[in-house]
Structures are given as structure tokens and as C-alpha cells.
Asker: 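Got a structure for you, written out below as C-alpha cells; questions coming shortly.
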Amino acid sequence: MSGTPGVGKTTLGKELAQRTGLTYVNIGDLAQEGQLFDGYDEEYQCPILDEDRVVDELDEKMSEGGVIVDYHGCDLFPERWFDIVFVLRTDNTQLYTRLEARGYTGKKLQDNVQCEIFQTIYEEAMEAYSKEIVHQLPSNTPEDMEHNLEQIVQWTEQWMKDHN
């Protein structure tokens, strides 16, 4: 599960894990718990993720399968980890409001909204993984979230039938 900060990845991922029994992993939380950082970005006022350590930390769990990974980027993860990649997309005006409510300001706010405008996360996913497994989902309203949940649960159930 990927997308610009503020598109609803965490909300969707946690609810999806509840409905499917899959394991939910938020990369930000994982990094915080294991101190998987490589410095601090003064400009964006946030820690810098140590991508290699994150991949090492998750590799065994991912090889077992059944894991929902939540992070704003996805191209750092090996393609072998995923059967499907969902990139959530949100209307720029809504995203701006959501990020402002989180306390984003200045360059951090502008860059994240631009990231959404230019489809940066979606394009990274399309370059990193087979195009057949990358899907965009709208994430503007509670109805969108419910529809996305139903769609992903159906896909998960079908995948389980086909692979077990």
C-alpha cells in the first residue's frame, strides 16, 4: 500500500488487516521501534530512513507472505515481496487540507502536494514493479475507502483460492 502522505494508507491498511487476517506493517512505526534511521533531514524535519536496514528487518516476514506494507514510497522494496501494489490517490485540495491538519507547512507541504499532482509515487511503482500488479485507487471519501476495502478483500480472497 503506497501513496503520498495523507492519502489514507494507514486507515485502509489497518482496516484491511482486520478484515482479512493479514499482518499489517507500517514502515514508519517499524523504523521508529528499531531506530532504523540514517540521520535527520533538517529541511523536512524528519528522520531519514535507512532503507537497507528496513529491508533486512522485514525480509524474513515478507518471505512468509500475508503482509500488508504501508509506506509512502515503494520502490525500495524488492519486487519478489509483492503480489499486488495499491497506490492511493487523493484530490490535491483535500490532500492539502489533510496535510495542513497534520501540521505540514512550507516546503514539506508544497512538495507532498506536488508529489501527488505529478503522480510521483504511482510512476515510481510502475517503474519498480511489473505494470500488471500496480493499481491506483481513489481515496477521497469514506465511500472510496469502503469501496477500496471491498475490492481488496475480494482480490485477497480470490488470490487465496487460486494459490492454496
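Computed over heavy atoms, backbone and side chain alike; hydrogens, waters and symmetry mates excluded. On a predicted model such as this, the values are computed, not experimentally measured, just so you know.
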Asker: Between F118 and V134, is there a shared hydrophobic cluster once you connect ILVMFWY residues whose side-chain heavy atoms come closer than 4.5 Å?
Answerer: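 As far as the 4.5 Å side-chain criterion goes, V134 and F118 are not connected within one cluster.
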Asker: Hey, could you give me the CD1/SG distance between I121 and C74, rounded to the nearest 0.5 Å?
Answerer: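 Between atom CD1 of I121 and atom SG of C74 there are 7.0 Å.
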Asker: Strictly by side chain to side chain donor-acceptor pair (under 3.5 Å), give each pair with a member in residues 149-161 just once, sequence neighbours left out.
Answerer: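 Qualifying pairs, neighbours excluded: Q158-D162, W159-H163.
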Asker: Using the test ring pair (Phe, Tyr, Trp, His ring centres under 6.0 Å), find all partners of Y129 that sit at least two apart in sequence or belong to another chain.
Answerer: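 Scan of Y129 (ring pair (Phe, Tyr, Trp, His ring centres under 6.0 Å), adjacent residues dropped) gives F82.
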Asker: Quick one: sort the F77 and Y71 rings into parallel, tilted or perpendicular, breaks at 30° and 60°.
Answerer: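 Ring orientation of F77 relative to Y71: perpendicular.
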Asker: Cluster question for you: counting only ILVMFWY and a side-chain heavy-atom cut-off of under 4.5 Å, with indirect links fine, are F86 and I27 together?
Answerer: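 No; I27 is not reachable from F86 via cluster members.
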Asker: What are the two closest heavy atoms between L88 and S139, and how far apart are they?
Answerer: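 For L88 and S139, the tightest heavy-atom pair comes out as CB-CB, 4.1 Å.
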Asker: Look up atom CG in L109 and atom CG in L99, then write down how far apart they are to the nearest 0.5 Å.
Answerer: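 Answer for the CG-CG pair, L109 versus L99, is 6.0 Å.
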Asker: Say whether V85 and Y24 are linked into one hydrophobic cluster, either directly or through other cluster members, by side-chain heavy-atom distances under 4.5 angstrom.
Answerer: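 No, it is not one cluster - the side chains of V85 and Y24 are not joined through contacts under 4.5 Å.
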Asker: Hey, does T120 have a side-chain heavy atom less than 4.5 Å from the side chain of E124?
Answerer: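 Yes - at least one pair of side-chain heavy atoms lies under 4.5 Å apart.
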Asker: Using the salt bridge (Lys or Arg N to Asp or Glu O under 4.0 Å) rule, collect all pairs that involve residues 131-145, keeping only residues at least two apart or in two chains.
Answerer: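 Checked against salt bridge (Lys or Arg N to Asp or Glu O under 4.0 Å) - neighbours excluded - no pair reaches residues 131-145.
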Asker: Is there any salt bridge (Lys or Arg N to Asp or Glu O under 4.0 Å) pair reaching into residues 12-27, and which pairs are they, with sequence neighbours excluded?
Answerer: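 Qualifying pairs, neighbours excluded: E15-R19, R19-E146.
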Asker: Is a side-chain N or O of K9 found less than 3.5 angstrom from the main chain of G3, in a donor-acceptor match?
Answerer: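 Side chain of K9 to backbone of G3: a pair is present.
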Asker: Show me the pairs that pass side chain to side chain donor-acceptor pair (under 3.5 Å) and involve residues 75-96, at least two apart or across chains.
Answerer: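 Side chain to side chain donor-acceptor pair (under 3.5 Å) check on residues 75-96 returns D59-R80, D59-W81, R89-E116, R89-Q119, R89-Q136, T90-R98.
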Asker: Should Y44 and L95 be counted in the same cluster of Ile, Leu, Val, Met, Phe, Trp and Tyr side chains packed under 4.5 Å apart?
Answerer: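 In one cluster with Y44: L95, no.
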Asker: Within a reach of under 6.0 Å around NZ of K61, are more than 12 heavy atoms found that belong to other residues, nucleotides or ligands?
Answerer: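 Not buried by this count: 12 neighbours or fewer within 6.0 Å.
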Asker: Rounded to the nearest 0.5 Å, what's the gap from CG on L49 to CG on L36? Could you check?
Answerer: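 Between atom CG of L49 and atom CG of L36 there are 7.0 Å.
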Asker: For atom CD of Q35, decide whether the heavy atoms of other residues, nucleotides or ligands shown that lie under 6.0 angstrom number more than 12.
Answerer: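 Yes.
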Asker: V153 and V67: same hydrophobic cluster, using ILVMFWY side-chain contacts below 4.5 Å?
Answerer: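 They do not share one cluster, since no chain of ILVMFWY contacts under 4.5 Å joins V153 to V67.
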Asker: Going by heavy atoms in the side chains, are H72 and C115 under 4.5 Å from each other?
Answerer: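 No - every pair of side-chain heavy atoms lies 4.5 Å or more apart.
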Asker: Regarding T4 and N112, do their side chains bring together a donor and an acceptor under 3.5 Å, going by distance alone?
Answerer: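 Checked: T4/N112 side chains show no N/O donor-acceptor pair below 3.5 Å.
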Asker: Taking atom OG1 of T105 and atom CD of Q110, what is their separation to the nearest 0.5 Å?
Answerer: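 Atom-to-atom, T105:OG1 and Q110:CD are 10.0 Å apart.
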Asker: Say you draw a straight line from CG of N148 to CE of M1; how long is it, rounded to the nearest 0.5 Å?
Answerer: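 Output value for this atom pair is 8.5 Å.
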Asker: Taking ILVMFWY side chains as joined if any heavy atoms are under 4.5 angstrom apart, and letting links pass through other members, which residues group with I48?
Answerer: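 Its cluster mates, by chain and number: none.
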Asker: Find the distance between NZ (K108) and CG (D41) and round it off to the nearest 0.5 Å.
Answerer: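 The NZ atom of K108 sits 8.5 Å away from the CG atom of D41.
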